[in-house]
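Each chain gets a letter, A, B and so on, in the order its sequence line appears, and its residues count up from 1.
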Amino acid sequence: MFTMSSDKVPLSQRAAAAARPAPVDAASYMEGLNDAQRDAVMTTEGPVLMLAGAGTGKTRALTTRLAHILATRLAAPWQVLAVTFTNKAAREMKERIGHLVGDTVEGMQWLGTFHSIAAKILRIHAEIVDLKSSFTIIDTDDQVRLCKQVIEAAGLDEKRWSGRGLASFIDDWKNRGLTPDNVPRGEAHHFGNGKGIELYKAYQERLVTLNAADFGDLLLHNITIFQKHPDILAKYQDRFRYMLVDEYQDTNIAQYLWLRLLAQKNKNICVVGDDDQSIYGWRGAEVANILNFEKDFPGAKVIRLERNYRSTPAILAAASGLIAANRTRLGKTLWTDDDSEHEKVKLRGVWDGEEEARTVTDDIENEQRKGRSLSDMAVLVRASFQMRSFEERFNTAGIAYQVVGGPRFYEREETRDALAYLRLTRNPEDDLSFLRIVNKPRRGMGDKAIQALTVNARKQGLSLARAAQLLLETDEIKGKARTGLTRFLDGLMRWGEAARDTRPDIIAETILEESGYTEFWKSSKSPQAPSKLENLKELVNAAGEFDTLAGYLDHVSLVADINQDNSEGQVMLMTLHAAKGLEFPVVFLPGWEEEIFPSARSLDENGNEGLEEERRLAYVGITRARESCRISFAANRMVYGRWQNAMPSRFIDELPEAHVEVVSEPGLYGNAASELAAYSSFNDMAETNDTYDTPGWRRAKSARGRTSPAPMLEGRAELVATSSPGSSSFRVGSRVFHQKFGYGQVVAAEGNKLEVDFEHSGHKKVIDSFLEQA
DNA sequence: CGCCATGAGGTTTTT
DNA sequence: CCTCATGGCG
């Protein structure tokens, strides 16, 4: 097919193409696409906003689009810019385009993550922002460390102003595309006694002397370069004839500015995303980017991918019903023509977290008995601390599980130490690495010696390694420190020498061995030592896949993880965030309680915007499910070692009841009467005139009053409010205070559930334990 | 230099 | 409650 036939094109396709030479507009890769997808592929010219709902074949559409551009020769592979957020996404995209166009995809050197592409551009023009093209990319840890140094140097109280705090301010500014000169003056007051901007400036200067850039810099420096040098910008504008951006709803302002600059000329920019799945606002993502796309790029064509190929109608209805409560959205309606028999979304209330873990585990075992593989099931939680109860239960039940996410390989202490050795070997000027390992293992270089060395180096404008070398020529250093430092520096020279003509894995192993680092862990009593040694071995192996040490190190700084083999036959346990983009036949969504989900902190810090993002997170969770979605909430939960009663999440009330089934605990409550009660409790909802803002325990509440106790409450206790037999300590008429709602007056009391008129928040139903006498 | 006591804080995560 | 970081002391 076409001119770029290759071994990668399946034979069947090549045969087909040979049999009936297809005209370009009826190309075989278009087969099986629906109208919207086809539209998204064919509309190559001008700005395009591809609004792709969950499970609507987004990846297929966008990879086909790129394949189409290449196949029809609208652009050469190197004239296409395609950006993603993660390496994984970039890899998958490349692979899938490869299936369509074969080796041509290898020419797509501008397909990658925002960061890797920005880094590539920055290496070419580094001198404009006072860097050398060999600059190092520092990670979050080093960033914090540097910030700490800057705070210290500024003579600020280090207890009051943490490195972490400064780093997050700087990150935030960089995410918004702000250099020190552009930060609004008012924002300086937020940090370091009004020294915020000064500190930011000092931090940037330190980076320049270190010849380093942090992640935020990669984009920001690009923007600076483009703005200062229209000629350079023009070059890239001409080069990138077609641009494609995946997960556009996750872009921050800096990324937006970068894209806008590049797209200015050809305007052939296609952004793909789903505003309903924007869940990274807290790290700088701007939903506004996708909401305003049509304004930012006049004449943009909006293409909606709404036909869902993943989930059952009930799951789609539940997700759609929930997300409809959000006000700021572009609006989409997912539909499916799958009308086969399917189950409703299952909702279960339980007594406490332990019971929740137990029932989920039971469900999993049931499914397994029915022949379902463990890897077809996933438990998705809001926050990682919720994982523990499931892990414990899985362990006792002997169910294999895999936690997805968690601490990353390249972030672990031993990995970072080892990399510091390798980096320092390649570049002896790398002071951050020097500091990290100069005394690890111990070489007699204590805090005092290092302090002196640092001062010395800075005075002479030398790197630490160089300064150390000079220091050894004097008599100022003696004893253990002298021998330790001498051996260390000798080692560096030797390794640097050897690195030139030795395989990276061999050199890595040699360095770790000769430096005494391996021995450091071997003789460590730490219980983690064996696994750390394992990790070091893994790192050495990973290095072996590269031709040079430098090549490996470049790769490492932009890749957060080495490929972990996802072994089959394990239940997946992860956060909702980590689950974005994945799908499973059976999905469990536990912990749907106020405070937990939506997270109290999101609401506190970001108000309604925070709430909407939480709701999108819930939407992401539900839409991960193909066949079965099981939501649960507990009436009591142990939080920080204290028992707290919990209210069912308001999101539960927002699920359309027609598509939800309340399930009682199998065996315990599984009788017809309670099933009935469950249904009628739903019907009762129509009678209550509770409004949307009532945190949702209506369901439980309405069930409580019935002759037959609600199924999920039966036996152990009433759900939500264990109505203390006596009455509440608050009387009607008394003035009370609530953490979130403020001051108010009790207007009605039933057991420990009260109705209160709050002065600022209006009429609410609350549980007395949330109140204080005012 | 390493170990224990004490205290604070305790979503979500990629590059 | 539990974990991590820091600080003081041996």
*Using the P atom in both, what is the distance from dT12(B) to dT3(C), to the nearest Å?*
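Rounded to whole Å, the distance is 15 Å.
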_Heavy atoms within less than 4.0 Å of DNA chain B: which residues of residues 271-284 of chain A have one? Give them sorted by number._
Tyr280(A), Trp282(A), Arg283(A)
*For the residue pair His221(A) and Trp258(A), is the inter-centroid distance of their aromatic rings smaller than 6.0 Å?*
no
Detail all sub-3.5 Å separations between protein N/O atoms and N/O atoms belonging to nucleotides 6-10 of chain C.
from, atom 1, to, atom 2, distance (Å)
dT6(C), OP1, Lys148(A), NZ, 3.3

Of all residues at least two apart in sequence or in a different chain, which pass the salt bridge (Lys or Arg N to Asp or Glu O under 4.0 Å) check with [X]?
{"X": "Arg283(A)", "answer": "none"}
{"X": "Arg616(A)", "answer": "Glu613(A)"}
{"X": "Arg96(A)", "answer": "none"}

If you restrict it to nitrogen or oxygen atoms, what contacts under 3.5 Å exist between nucleotides 1-10 of chain B and the protein, and what is each distance?
from, atom 1, to, atom 2, distance (Å)
dC1(B), OP1, Asn439(A), ND2, 2.9
dG2(B), OP1, Arg442(A), NE, 2.8
dG2(B), OP2, Arg442(A), NE, 2.7
dG2(B), OP2, Arg442(A), NH2, 2.6

*Check every strand shown and say whether Ser557(A) touches a base, only sugar-phosphate, or nothing at a heavy-atom separation below 4.0 Å.*
nothing
*What is the nucleic acid contact for Glu614(A), judged by heavy atoms within less than 4.0 Å: base, sugar-phosphate only, or nothing?*
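It contacts base atoms.
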*Do Thr140(A) and dT15(B) share a donor-acceptor pair, side chain to base, under 3.5 Å?*
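Indeed there is one.
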*Glu612(A) CD - dT12(B) C1' separation (whole Å)*: 18 Å
_Under 4.0 Å from OP1 or OP2 of dT15(B): is there any side-chain N or O of Ser116(A) that close?_
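Answer is no, no contact under 4.0 Å.
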*Could you give the distance from CG (Leu435(A)) to NZ (Lys440(A)), rounded to the nearest 0.5 Å?*
13.0 Å
